[in-house]
*Asks:* 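Structure provided below as structure tokens; questions to follow.
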2 protein chains.
Amino acid sequence: MTTEASRSRIQTRNRQAILDAALDEFSARGFAGVTIDRIAAAAGLSKPNVLYYFASKQAIHRALLDGLLDLWLAPLREMDPGGDPQHEVLAYVRKKLALSQSHPRESRLFANEVLQGAGHLGPVLQEDLAALVADRAAVISRWIAQGRIAPVDPHHLIFSIWALTQHYADFEVQVRAVLGPGHDPYAEAGAFLDMLYRRLLAV
Amino acid sequence: MTTEASRSRIQTRNRQAILDAALDEFSARGFAGVTIDRIAAAAGLSKPNVLYYFASKQAIHRALLDGLLDLWLAPLREMDPGGDPQHEVLAYVRKKLALSQSHPRESRLFANEVLQGAGHLGPVLQEDLAALVADRAAVISRWIAQGRIAPVDPHHLIFSIWALTQHYADFEVQVRAVLGPGHDPYAEAGAFLDMLYRRLLAV
DNA sequence: GCGGGAATTGACCATTTGGTCAGGATCACG
DNA sequence: CGTGATCCTGACCAAATGGTCAATTCCCGC
């Protein structure tokens with residue numbers, strides 16, 4: 001097993017360059033649309049050298065996908081069952097939107113993957129993801145039962161947050177085409193979503 | 001120019017079979033992930049025969065994309081500026097959700113395309129789409145000015161409708177993984193979205 | 001500064017794939 | 001039925017691509 005510490009400086013640098021280049025490529029073209037040559041060029045390496053660090057194109061893709069779900073779900077994990085319901089949901093929305101803004105490539109990689117049937121993510125989705133959501137949905141249900149937020153379907157509330165926040169990363173070209181220049185999509189989205197969830201959840 | 005009427009029965013049938021098979025494939029794997037052979041097999045034809053009907057793989061893809069935007073935007077076009085604001089928005093949401101349910105492949109094809117930079121759709125997006133949205137945003141702004149719905153950013157209101165409805169088609173595997181069996185995602189989504197937009201727009 | 005493992009590469013290979021083409025089968029129609 | 005146009009196919013090609021490998025260069029600890 002190659003541990004993180006056991007890697008030389010060159011290893012670390014080149015592996016990182018490859019993963020970064022690959023994230024660019026895969027998120028913008030999908031798995032099949034990418035060639036190892038492109039990744040190599042973008043990383044400033046030769047093709048055989050890329051294959052010296054990763055066994056195959058698949059392996060690069062997998063390395064990228066591993067851990068992606070963790071990053072993606074972190075904000076949901078951070079939702080505090082003991083906090084103020086309305087504040088917790090709004091905080092989640094804001095964090096998720098910030099994630100779309102700071103990690104649009106990851107968002108698109110994820111979208112590409114799910115869109116195309118989630119081959120590699122499939123099992124993880126049904127286990128980890130479903131479990132986490134079930135847990136959070138239960139928390140939200142409790143808040144509703146206590147009359148602290150308005151009644152809504154907790155699952156679809158979560159879906160709505162995913163859809164609304166990821167939309168700005170995944171459909172960025174469309175958003176920009178529609179808004180035209182001179183707009184800050186994320187700033188406007190922040191205000192809009194804040195208002196939306198305030199009104200939706202107000203008792 | 002080959003007009004619709006000038007096509008023989010065989011032409012019509014085979015072109016249709018090819019487009020249908022290609023829609024399956026492209027929506028599920030993206031442009032690069034599809035081979036002409038796969039399309040041919042799915043359509044029950046040989047590869048050269050497919051190329052007898054379409055000049056290239058690109059041509060099939062383009063044929064699919066042409067007209068897609070029209071289908072996609074039809075419900076927005078149907079929004080009646082003279083109607084009741086709240087009813088018009090809710091009707092739009094319902095139609096768009098119904099479209100996701102009845103045409104998930106088209107939704108995913110569109111998502112794939114936009115996600116990957118909208119190469120072919122790009123120009124159309126900036127012209128037709130931007131113009132239509134600008135027009136509808138103006139209508140919504142008027143409704144707000146008249147105090148007939150609550151104040152919201154019209155552009156982001158429209159984005160939210162796209163995001164929330166298309167999510168159920170584009171991320172279907174995720175939605176199903178989270179909900180588990182025994183759920184009717186679209187029925188639940190219909191109720192949820194109805195409530196969401198009622199609360200958002202209530203004066 | 002040197003020895004050995006790590007890093008890198010040019011050349012190469014097999015397979016896949018988009019696309020062509022010449023000819024054969026089939027159909028519509030007089 | 002016959003004939004011309006439409007429809008279809010097997011065989012083929014060139015380019016692209018994932019991946020291999022032997023040989024070479026580089027780097028780091030001694």
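Order of the sequence lines fixes the chain letters, A, B, ..., with proteins taken first and strands second; residue numbering starts at 1 for each chain.
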*Asks:* Ring-plane angle category for Phe26(A) and His61(A), please: parallel below 30°, perpendicular beyond 60°, tilted otherwise.
*Replies:*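 Rings of Phe26(A) and His61(A): perpendicular, as their planes differ by over 60°.
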*Asks:* Please check the phosphate of dT9(C) (OP1 and OP2 only) for any side-chain N or O of Asn49(A) closer than 4.0 Å.
*Replies:*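 Result: yes.
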*Asks:* Strictly by modelled atom types, are Tyr168(A) and His156(B) linked by a side-chain donor-acceptor pair under 3.5 Å?
*Replies:*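 Yes, side-chain donor-acceptor contact under 3.5 Å.
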*Asks:* Respond yes when some side-chain nitrogen or oxygen of Gln11(B) is under 4.0 Å from OP1 or OP2 of dT6(D), and no when none is.
*Replies:* no
*Asks:* Should Arg198(A) and Asp194(A) count as an ion pair when the cut-off is N to O under 4.0 Å?
*Replies:* yes
*Asks:* Measure across Gly83(B) and Arg148(B) and return the closest heavy-atom pair with its distance rounded to 0.1 Å.
*Replies:*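 Between these two residues, the closest heavy atoms are O-NH2, 3.8 Å.
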*Asks:* Angle between ring planes, Phe171(A) versus His167(A), binned at 30° and 60°: parallel, tilted or perpendicular?
*Replies:*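 Plane angle under 30°, so parallel.
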*Asks:* Between the side chains of Asp20(B) and Arg105(B), is the shortest nitrogen-to-carboxylate-oxygen separation below 4.0 Å, so that they form an ion pair?
*Replies:* yes
*Asks:* Classify every nucleotide of nucleotides 22-30 of chain C by which part a protein heavy atom approaches to under 4.0 Å, writing B for the base, S for the sugar-phosphate alone and - for neither, in 5'-to-3' order.
*Replies:* ---------
*Asks:* Looking only at side chains, do Tyr186(A) and Ser100(A) share a donor and an acceptor under 3.5 Å apart?
*Replies:*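 Judged by distance alone, the side chains do not pair up.
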*Asks:* Please tell me if Tyr52(B) has a side-chain N or O lying less than 4.0 Å from either OP1 or OP2 of dC7(D).
*Replies:* yes
*Asks:* Looking just at side-chain N and O atoms, do His120(B) and Glu113(B) make a donor-acceptor pair shorter than 3.5 Å?
*Replies:*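 Per modelled atom types, His120(B) and Glu113(B) side chains form no pair under 3.5 Å.
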*Asks:* Starting at CG of Leu45(B) and ending at P of dT6(D), how long is that distance when rounded to a whole Å?
*Replies:*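 Value for this atom pair: 19 Å.
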*Asks:* Please tell me if Ser46(A) has a side-chain N or O lying less than 4.0 Å from either OP1 or OP2 of dT9(C).
*Replies:*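 Yes, Ser46(A) has a side-chain N/O under 4.0 Å of OP1/OP2 on dT9(C).
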*Asks:* Expressed as a whole number of angstroms, how long is the span from Arg13(A):CZ to dC28(D):P?
*Replies:* 10 Å
*Asks:* Can you give one letter per nucleotide of nucleotides 17-22 of chain D, 5' to 3': B if a protein heavy atom sits under 4.0 Å from the base, S if only from the sugar-phosphate, - if neither?
*Replies:* SBBBB-
*Asks:* Closer than 4.0 Å, any side-chain N/O of Asn14(B) to the OP1 or OP2 of dC8(D)?
*Replies:*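 Answer is yes, contact under 4.0 Å.
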*Asks:* Does Tyr53(B) reach a base, just sugar-phosphate, or nothing at all? Heavy atoms under 4.0 Å.
*Replies:*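 Sugar-phosphate only.
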*Asks:* Would you kindly give the CZ-to-P distance between Arg15(B) and dT6(D), to the nearest whole Å?
*Replies:*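 Value for this atom pair: 15 Å.
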*Asks:* Do the ring centers of Phe110(A) and His103(A) come within less than 6.0 Å of each other?
*Replies:* no
*Asks:* Which whole-number value in Å describes the distance from His61(B) NE2 to dG18(C) C1'?
*Replies:* 16 Å
